[in-house]
J.: 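This is the structure I want to talk about, given as structure tokens.
Throughout, protein chains are lettered first and strands after them, A, B, ... in sequence-line order, and every chain is numbered starting at 1. For clarity, every value in this text was computed on a predicted model and none was experimentally measured.
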Protein chains: 2
Amino acid sequence: MTKALNTREKLLFHGRRLLWARGYSPVSLRQIAKAADVDVALISRYFGGKMGLFDATLADAFDDPSALAKSPEQLMDLMTQLFVTAPRGGETPSVVRMILSNAHDDDVGEKVRNLTHEKFYAPLLAIIGCPARTALFMSVLLGISVVEKTIKLPDYPAPSTATYEAQLRHMMQAALSYSGETQ
Amino acid sequence: MTKALNTREKLLFHGRRLLWARGYSPVSLRQIAKAADVDVALISRYFGGKMGLFDATLADAFDDPSALAKSPEQLMDLMTQLFVTAPRGGETPSVVRMILSNAHDDDVGEKVRNLTHEKFYAPLLAIIGCPARTALFMSVLLGISVVEKTIKLPDYPAPSTATYEAQLRHMMQAALSYSGETQ
DNA sequence: TTAGGTTGTCAACAAGTGTTGACATATCTC
DNA sequence: GAGATATGTCAACACTTGTTGACAACCTAA
């Protein structure tokens with residue numbers, strides 16, 4: 001039993017690592033199995049198939065930001081902490097990376113977009129209050145992640161943590177202070 | 001000869017449409033051929049293979065922004081025009097969408113990232129001057145595109161053109177006015 | 001030990017991939 | 001017209017994909 005849990009967790013770990021970073025369709029079960037040093041057939045046994053494994057990697061993700069933040073200021077603190085500390089250099093890709101890699105996939109795109117809306121946009125909207133500002137706020141988080149992680153600019157060295165945090169806060173502030181047409 | 005040009009252009013059109021929107025690996029040559037109403041084998045004949053077709057779709061893209069803009073203000077005007085008018089609702093996906101869909105692909109990711117840097121980031125840097133502000137500027141363009149096109153939020157209606165333009169300018173202004181550590 | 005359930009291994013499957021070459025048909029040049 | 005070239009059609013190739021079932025190895029309980 002303990003051994004089975006072990007291989008299950010290994011598959012979950014490498015499945016999340018690969019499927020989140022590179023996307024659902026491009027990554028094959030054999031690649032995941034090889035990375036986990038486990039037979040391919042065991043994926044279908046434990047998770048019922050490729051989709052089952054992907055769903056399992058999504059199960060405990062998307063911690064609700066609204067559970068921890070009550071004001072835009074607290075939200076900025078939380079996001080800063082989330083973006084600056086956790087995902088930088090970590091082996092497990094961030095949720096943002098998962099969204100960017102899978103939001104357009106033929107098989108899982110709709111599911112991912114719905115999940116993003118339900119567990120990410122909706123809680124943010126509850127705190128921020130205005131749809132336009134919420135969308136801008138999300139675009140800041142996603143955009144900065146794209147530039148830093150998705151598009152690795154050769155001659156743009158990774159900024160220091162302090163610099164990165166300053167840039168992030170500057171842009172979040174701008175998003176939250178948007179006061180034009182809020183449709 | 002005219003007929004060959006016709007099928008070549010049909011393949012190029014649908015190839016760009018599908019490969020840019022959904023990414024290189026997930027889209028098969030048979031899907032493209034079917035969309036273009038052309039035999040699969042002709043892709044390899046005319047373009048030498050899948051990679052050749054992809055390269056062909058990239059050939060005339062990435063018009064150099066620096067050729068038209070000389071100051072950050074002109075750049076903002078240009079980008080506003082580019083983002084607000086051209087790609088909204090168009091059948092051919094935008095270059096931004098192409099970047100987001102392909103920057104991580106195993107086969108074409110490096111090529112796309114290099115191209116992005118060479119034809120997109122470098123010209124922007126030449127105008128803006130500061131790497132940090134340039135990166136933030138890019139993150140605005142990419143981030144807003146992600147939220148609007150990559151992630152289609154069900155209850156976030158597409159903003160009017162005027163609203164969209166106002167939001168875009170607001171965020172670009174914020175990126176260009178960043179005055180923190182510029183490393 | 002025996003019986004039973006869990007866990008892992010292996011081979012095969014149907015379907016889909018990019019690519020190639022043989023062949024047929026059309027189009028143009030002389 | 002005849003010959004040559006361009007263009008399209010079709011079948012097959014080697015390979016990879018996700019999935020399944022048969023079988024062996026292991027551990028636990030009676």
J.: Between A/L11 (CG) and D/dG18 (P), how many Å, whole number?
T.: 13 Å
J.: Take atom CG of A/L18 and atom P of D/dT17, then tell me their distance rounded to the nearest Å.
T.: 13 Å
J.: In this structure, how many angstroms lie between the P atom of C/dG8 and the CG atom of A/D37, rounded?
T.: 12 Å
J.: Kindly say whether A/K10 contributes a backbone atom to a donor-acceptor pair with the side chain of A/H14 at under 3.5 angstrom?
T.: yes
J.: If you restrict it to nitrogen or oxygen atoms, what contacts under 3.5 Å exist between nucleotides 16-19 of chain C and the protein, and what is each distance?
T.:
unit_1, atom_1, unit_2, atom_2, d
C/dT17, OP1, B/S28, OG, 3.0
C/dG18, OP1, B/L29, N, 3.1
C/dG18, OP1, B/K50, NZ, 3.1
C/dG18, OP2, B/L29, N, 2.8
C/dG18, N7, B/R30, NH1, 2.9
C/dG18, O6, B/R30, NH2, 3.3
C/dT19, OP2, B/K50, N, 2.8

J.: Would the distance check show the side chain of A/S44 and the main-chain N or O of A/A41 forming a donor-acceptor pair, the cut-off being under 3.5 Å?
T.: no
J.: Write down the distance between CG (B/D39) and C1' (C/dT20), rounded to a whole number of angstrom.
T.: 12 Å
J.: Are any non-hydrogen side-chain atoms of B/F47 and B/L12 less than 4.5 angstrom apart?
T.: yes
J.: With respect to the phosphate group of D/dT7, does any side-chain polar atom (N or O) of B/T7 fall under 4.0 Å of OP1 or OP2?
T.: no
J.: Atom CZ of B/R45 to atom P of C/dC23: distance rounded to whole Å?
T.: 15 Å
J.: Could you check whether any side-chain N or O of B/N102 sits under 3.5 Å from a backbone N or O of B/V108, counting only pairs where one atom can act as donor and the other as acceptor?
T.: no
J.: Is there a side-chain contact between A/W20 and A/R97 in this structure, where contact means two heavy atoms from C-beta onward sitting under 4.5 Å apart?
T.: no
J.: Please report, rounded to the nearest Å, how far the P atom of C/dG8 is from the CZ atom of A/F47.
T.: 12 Å
J.: Taking atom P of D/dT17 as reference, at what distance in whole Å does atom CG of A/D107 sit?
T.: 15 Å
J.: Output yes when a side-chain donor or acceptor of A/S177 lies under 3.5 Å from a complementary backbone atom of A/A174, and no otherwise.
T.: yes
J.: Rounded off to whole Å, could you give me the CG-to-C1' distance for the A/L42 and D/dA22 pair?
T.: 15 Å
